[in-house]
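Treat the numbers as computed from the prediction; the structure is a model and nothing was measured.
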Amino acid sequence: MLTDYHMHLTPDGVDERARAAHAWDEVGGWLSTAWISRYVERGRARGVGEIAITEHVHRFAEARSWHPNPWWQAEATEDVDAYAAAIGEAKAAGLPVLLGIEMDWLPERVSDIRRFIERRPFDLVLGSVHWLADLAVDHPDYPAWETRPAADVWRSYLAELANAARSGLFDVLAHPDLPKVFGHELPNELESLLDETVDVIADSGVAIECSSAGLRKRPRTTYPDPDLLARFRAAGVPVTLASDAHSPEDVGRDYPTTVAVLRGAGYETLTRYEAREPVQVEIGVGAPA
Ligand SMILES: [Zn+2]
Ligand SMILES: [Zn+2]
């Protein structure tokens, strides 16, 4: 089967959401089963039998105090328990949808993160390194890139990715080579550090995602790129399949290319989750077993 284990019910950013809100307002709101079913339907049309909604933790008021950034603060308005209940309703209506969360790795907030996760019946928890202290790897308004050399940013990023893996908080590490998003490739001198990071991830037991999102953005390659994906495969790291959609249109997008990359790296199975328990299933097209 195919799955899509990383997506968001709205775009990021207050203004972007205001521009797009008519789409979910028409069907009863962004947490309505009718809106969630749009994601399921678009996935089905692309051979995806199961999706996970993985809303950003920064959308929720409970996490507002976790990060001082003004953009984060403006985003953190929603009730996470209403979100969890909405996904529960969609499940009860028979939709093949999992309750997920895209959790930021914030090393100062480990106990808050743990409490946040434990309080809800998540099926899977993505761990993402978006922030290096108060600067962002992938946010153009708060770029780590403008104040620090690329090798520095990559070095810090890989250190935090390894720390996120070691924390044991996450089921899946999202977009593991995210720093390439604005065109900064890994410097050659950090190749051995990358190999060490892959080994830490393998030892930790966490999975990584193979995301089609990079194909529709500047990198024009999957996250991770085919070479890094092959290193993860060789190290025995399990994988999920993902689009990082922020609207129904992008669910399962570019999957023929992404699945070819997965197979090219040697993967034959995907990881599915239920209540955070992983199971390996063969990569293929069709309804869930
Ligand atoms: Zn992310
Ligand atoms: Zn995401």
Practice prompt. Report the C-alpha separation of D123 and R276 in whole Å, then their side-chain angles, then the decisive distance to 0.1 Å, and conclude whether the salt bridge (Lys or Arg N to Asp or Glu O under 4.0 Å) test is met.
Written response: CA-CA 5 Å; D123 291 302; R276 308 196 65 194; over 6 Å; no
Practice prompt. Test D104 against H67 for side chain to side chain donor-acceptor pair (under 3.5 Å), laying out the working first.
Written response: CA-CA 10 Å; D104 283 81; H67 201 288; over 6 Å; no
Worksheet entry | Audit row: V80, F116, side-chain contact (heavy atoms from CB on, under 4.5 Å) steps and yes/no | CA-CA 9 Å; V80 62; F116 187 103; 3.5 Å; yes
Item to complete: Output, in order, the C-alpha distance, side-chain angles, deciding distance and verdict of side-chain contact (heavy atoms from CB on, under 4.5 Å) for H58 and M103.
Response: CA-CA 8 Å; H58 69 234; M103 181 62 72; over 6 Å; no
Practice prompt. Walk me through it: do V200 and D203 pass the test side-chain contact (heavy atoms from CB on, under 4.5 Å)?
Written response: CA-CA 5 Å; V200 169; D203 289 345; 5.9 Å; no
Worksheet item: After noting the C-alpha distance and the side-chain angles of D250 and R42, does the key distance pass the side-chain contact (heavy atoms from CB on, under 4.5 Å) rule?
Response: CA-CA 8 Å; D250 286 340; R42 182 55 61 105; over 6 Å; no
Practice prompt. Give the intermediate values and the outcome of side chain to side chain donor-acceptor pair (under 3.5 Å) for residues H8 and E102.
Written response: CA-CA 9 Å; H8 306 273; E102 182 174 6; 3.0 Å; yes
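Taken to the nearest 0.5 Å, the CG atom of D141 stands 12.0 Å off from the CG atom of L135. One distance of note links CG of L99 with OH of Y273; it measures 15.0 Å at 0.5 Å rounding. Taking OG from S167 and CD from E160, the interatomic distance works out to 10.5 Å, rounded to the nearest 0.5 Å. The CD atom of E277 lies 9.5 Å from the CG atom of D171; values are rounded to the nearest 0.5 Å. In this structure, the separation between CD on Q280 and CD1 on I283 is 9.5 Å, given to the nearest 0.5 Å. One finds the OG1 atom of T271 at 10.0 Å from the CG atom of L124 (value rounded to the nearest 0.5 Å).
Here side-chain hydrogen bond (donor to acceptor under 3.5 Å, both in side chains) pairs that include residues 20-41, with residues two or more places apart or in two chains, number zero. Residue pairs satisfying the side-chain hydrogen bond (donor to acceptor under 3.5 Å, both in side chains) criterion with at least one member in residues 190-201, sequence neighbours excluded, are listed as follows: E191-R231, D195-R231.
Annotation: cation-pi pair R233/Y267 present, NZ/CZ under 6.0 Å from the ring centroid and within 45° of its normal.
With a 6.0 Å radius and a threshold of 12 heavy atoms from other residues, nucleotides or ligands, E108 has its CD atom at or below the threshold. Counting non-hydrogen atoms of neighbouring residues, nucleotides and ligands closer than 6.0 angstrom, the CD atom of E268 reaches no more than 12 such neighbours. At most 12 non-hydrogen atoms from other residues, nucleotides or ligands lie less than 6.0 angstrom from CD of E274.
Here the closest non-hydrogen pair linking R59 and E75 is NH1-O, 2.9 Å. Of all heavy-atom pairs between Y255 and S243, the closest is OH-N, 4.0 Å. Scanning both residues, L186 and W154, for their nearest heavy atoms gives CD1-CE3, 3.3 Å. Smallest separation of non-hydrogen atoms from G183 and R218: CA-NE, 3.8 Å. Across all their heavy atoms, R64 and T77 have their closest contact at NH2-CA, 4.0 Å. Nearest heavy atom pair, residue A165 against residue L173, reads CB-CD1, 4.1 Å.
At a threshold of 4.5 Å between non-hydrogen side-chain atoms, the residues I36 and L9 count as touching. With a 4.5 Å cut-off on side-chain heavy atoms, I53 and Y83 count as touching. Within the 4.5 Å cutoff, side-chain heavy atoms of H130 are placed close to those of H56. In this structure the side chain of T258 reaches within 4.5 angstrom of the side chain of L241, judged on heavy atoms. R44 has its side chain within reach of P96: a pair of non-hydrogen atoms, C-beta onward, lies under 4.5 Å apart. Looking at F60 and E55, their side chains come closer than 4.5 Å, going by heavy atoms from C-beta outward. Counting heavy atoms from C-beta on, the side chains of I51 and L98 never come closer than 4.5 Å. Considering only heavy atoms from C-beta on, W66 comes within 4.5 Å of D112 through its side chain.
F232 and Y5 fall into different hydrophobic clusters, defined by Ile, Leu, Val, Met, Phe, Trp and Tyr side-chain heavy atoms under 4.5 Å apart, directly or through other members. Residues L178 and V198 share a hydrophobic cluster, clusters being chains of Ile/Leu/Val/Met/Phe/Trp/Tyr side chains in contact below 4.5 Å. If you chain together hydrophobic residues whose side chains sit under 4.5 Å apart, W131 and F182 fall into the same group. In the hydrophobic clustering of ILVMFWY residues, with side-chain heavy atoms under 4.5 Å counting as a link, L169 and L158 come out together. Clustering ILVMFWY residues whenever any of their side-chain heavy atoms sit less than 4.5 angstrom apart, transitively, puts V14 in a cluster other than the one holding L31.
With hydrogens and angles disregarded, a donor-acceptor distance shorter than 3.5 Å links the side chain of N69 to the backbone of W72. Under the 3.5 Å distance criterion, the side-chain polar atoms of E78 are left unmatched by any main-chain donor or acceptor of A61. Judged by distance alone, the side chain of H139 and the main-chain N or O of V137 form no donor-acceptor pair under 3.5 Å.
The salt bridge (charged side-chain N to carboxylate O under 4.0 Å, His left out) search around E62 returns R119, R120, not counting sequence neighbours. Under the rule for a salt bridge (charged side-chain N to carboxylate O under 4.0 Å, His left out), the partners of D177 that lie at least two apart in sequence or sit in another chain are K180. For D79, the side chain to side chain contact (heavy atoms under 4.5 Å, CB included) partners two or more places apart in sequence, or in a different chain, are D81, A82.
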For residues 204-215, which side-chain N or O atoms pair as donor and acceptor with protein atoms under 3.5 Å away, sequence neighbours left out?
residue: S204; atom: OG; partner: I201; partner atom: O; Å: 2.8
residue: S204; atom: OG; partner: V206; partner atom: N; Å: 3.2
residue: E209; atom: OE1; partner: H6; partner atom: ND1; Å: 2.9
residue: E209; atom: OE2; partner: H6; partner atom: ND1; Å: 3.2
residue: E209; atom: OE2; partner: H175; partner atom: N; Å: 2.9
residue: S211; atom: OG; partner: A213; partner atom: N; Å: 3.1
residue: S212; atom: OG; partner: R253; partner atom: O; Å: 2.9

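Less than 6.0 angstrom separates the ring centroid of H184 from the ring centroid of W145.
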